[in-house]
Amino acid sequence: MPYSIDEIVKAYEILVKGIEAEAKDNEDRAFGGIIRSGKGHLVESIARHMVEIAWQNISGKPERLSLGTQTYKIPIKKSYIEKLKHAEVREYIYKNIKDYYYGLRTDIHVSIDNKMVMGIECKAYTENAMIKRILVDFTLLKSVIPDITCVLLQLESQLTGDYGDPKKEITYGSHSSHTIMSYFDIDLNIITLLEGERKVNEPIHDSRHYKELKKDALEKGIISISELLKKYL
């Protein structure tokens with residue numbers, strides 16, 4: 001059984017409020033590293049439970065759903081090899097072509113009947129420089145899984161526009177994010193959980209700037225994932 005929405009909200013509150021205290025008490029690792037690691041694992045955990053709830057809500061059979069982090073091998077393109085100027089280099093690559101690949105995975109791989117159908121990138125926050133990396137990764141992954149559904153789940157948004165208003169019925173996005181996305185053949189579904197644009201000098205693990213994870217934002221994100229999973233019933 002997946003956690004309930006209330007349990008996810010409570011876990012978020014406990015973890016975010018406790019991250020700073022844990023980081024200050026731990027002398028073995030850098031303060032910032034503990035903060036980033038803690039938030040990263042938190043978002044991944046929330047994403048997993050959201051997927052499980054979403055699948056349950058559309059009456060999906062639990063045994064059909066699996067969540068993993070398998071690494072996919074992205075092969076080198078032969079058209080690229082043919083363009084290389086030096087014949088010796090081309091011949092060397094062809095001779096060792098089985099070794100020419102890029103290992104790639106997203107934070108969460110959603111599989112139905114052991115077939116990956118959705119990749120989810122989980123971020124404590126996202127800025128446009130990170131969007132470019134996410135789009136490149138999904139483009140590479142799409143080369144081996146052409147019909148993959150691509151999702152970005154973020155706690156906070158630093159993309160500008162209205163991504164930081166998760167309660168809105170329609171998200172119009174931002175000028176810069178849409179412009180970047182227009183250069184990629186990727187339908188990126190962006191789900192934001194916390195209200196308000198992220199401010200660098202107001203981290204949410206600081207009690208003065210703590211942001212509540214509201215149930216309606218979580219429910220809206222789960223509905224979005226449910227809609228994306230319906231076609232696999």
Atom of [X], atom of [Y] and distance for their closest heavy-atom approach:
X      : Y      : answer
Ile186 : Lys142 : CD1-CD, 3.8 Å
Asn201 : His209 : O-NE2, 3.9 Å
Arg64  : Tyr232 : NH2-O, 3.0 Å
Ile97  : Ile81  : CD1-CD1, 4.0 Å
Leu140 : Ile74  : O-CD1, 3.4 Å
Leu213 : Leu194 : CA-CD2, 3.8 Å

[X] bridged to [Y] by N-O distance under 4.0 Å:
X      : Y      : answer
Lys115 : Asp147 : yes
Lys10  : Glu7   : no
Lys211 : Glu195 : no

*asked:* Assess, by modelled atom type and distance only, whether the side chains of Ser226 and Asn57 contain a donor and an acceptor separated by less than 3.5 Å.
replied: no
*Verify the distance criterion only: is there a donor paired with an acceptor across the side chains of Asp162 and Thr171 at less than 3.5 Å?*
no
*So among Lys168, Arg198, Gln154, Lys220, which one has a side chain to side chain donor-acceptor pair (under 3.5 Å) with Thr192?*
Gln154
From [atom1] ([X]) to [atom2] ([Y]), nearest 0.5 Å:
X      : Y      : atom1 : atom2 : value
Met118 : Leu229 : CE    : CG    : 4.0 Å
Cys150 : Phe184 : SG    : CZ    : 12.0 Å
Leu153 : Cys122 : CG    : SG    : 5.5 Å
Ser143 : Ile148 : OG    : CD1   : 10.0 Å
Tyr92  : Tyr100 : OH    : OH    : 5.0 Å
Lys167 : Asp216 : NZ    : CG    : 5.5 Å

Got more than 12 heavy atoms from elsewhere within 6.0 Å of [atom1], [X]?
X      : atom1 : answer
Arg133 : CZ    : no
Asn114 : CG    : no
Arg105 : CZ    : no
Asp185 : CG    : no

Is [Y] reachable from [X] through a run of I, L, V, M, F, W or Y residues, each pair having side-chain heavy atoms under 4.5 Å apart?
X      : Y      : result
Ile225 : Ile5   : yes
Tyr125 : Leu188 : no
Leu104 : Ile120 : no
Tyr72  : Ile108 : no
Ile223 : Met50  : no

*Should the pair Tyr163 and His178 be assigned to parallel (<30°), tilted (30 to 60°) or perpendicular (>60°) ring geometry?*
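The rings of Tyr163 and His178 sit tilted, inter-plane angle from 30° to 60°.
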*What residue among Thr160, Ile131, Leu159 forms side-chain contact (heavy atoms from CB on, under 4.5 Å) with Ser176?*
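The residue from Thr160, Ile131, Leu159 that satisfies side-chain contact (heavy atoms from CB on, under 4.5 Å) with Ser176 turns out to be Thr160.
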*Would Glu121 and Lys123 satisfy side chain to side chain contact (heavy atoms under 4.5 Å, CB included), going step by step from the backbone distance to the final call?*
CA-CA 7 Å; Glu121 283 292 337; Lys123 303 294 182 187; 3.9 Å; yes
Are any of the side-chain heavy atoms of [X] and [Y] separated by less than 4.5 Å?
X      : Y      : answer
Asp107 : Val43  : no
Met116 : Val110 : no
Lys214 : Leu193 : no
Glu156 : Ile204 : yes
Asp113 : Leu65  : no
Tyr12  : Leu155 : yes

*Please test Ile112 against Trp55 for side chain to side chain contact (heavy atoms under 4.5 Å, CB included), starting from the C-alpha separation and ending with a verdict.*
CA-CA 10 Å; Ile112 306 296; Trp55 185 244; 3.8 Å; yes
*Worked check of side chain to side chain contact (heavy atoms under 4.5 Å, CB included) between Ile76 and Tyr101*: CA-CA 6 Å; Ile76 190 170; Tyr101 64 86; over 6 Å; no
*Where the side chain of Thr139 meets the backbone of Leu135, is there a donor-acceptor pair that is under 3.5 Å apart?*
yes
*Is the backbone of Glu82 close enough, under 3.5 Å, to the side chain of Arg90 for a donor and an acceptor to pair up by distance?*
no
*For side chain to side chain contact (heavy atoms under 4.5 Å, CB included), just list the numbers for Leu152 and Asn189, CA-CA rounded to whole Å, side-chain angles, deciding distance to a tenth of an Å, and then say yes or no.*
CA-CA 6 Å; Leu152 164 61; Asn189 299 275; over 6 Å; no
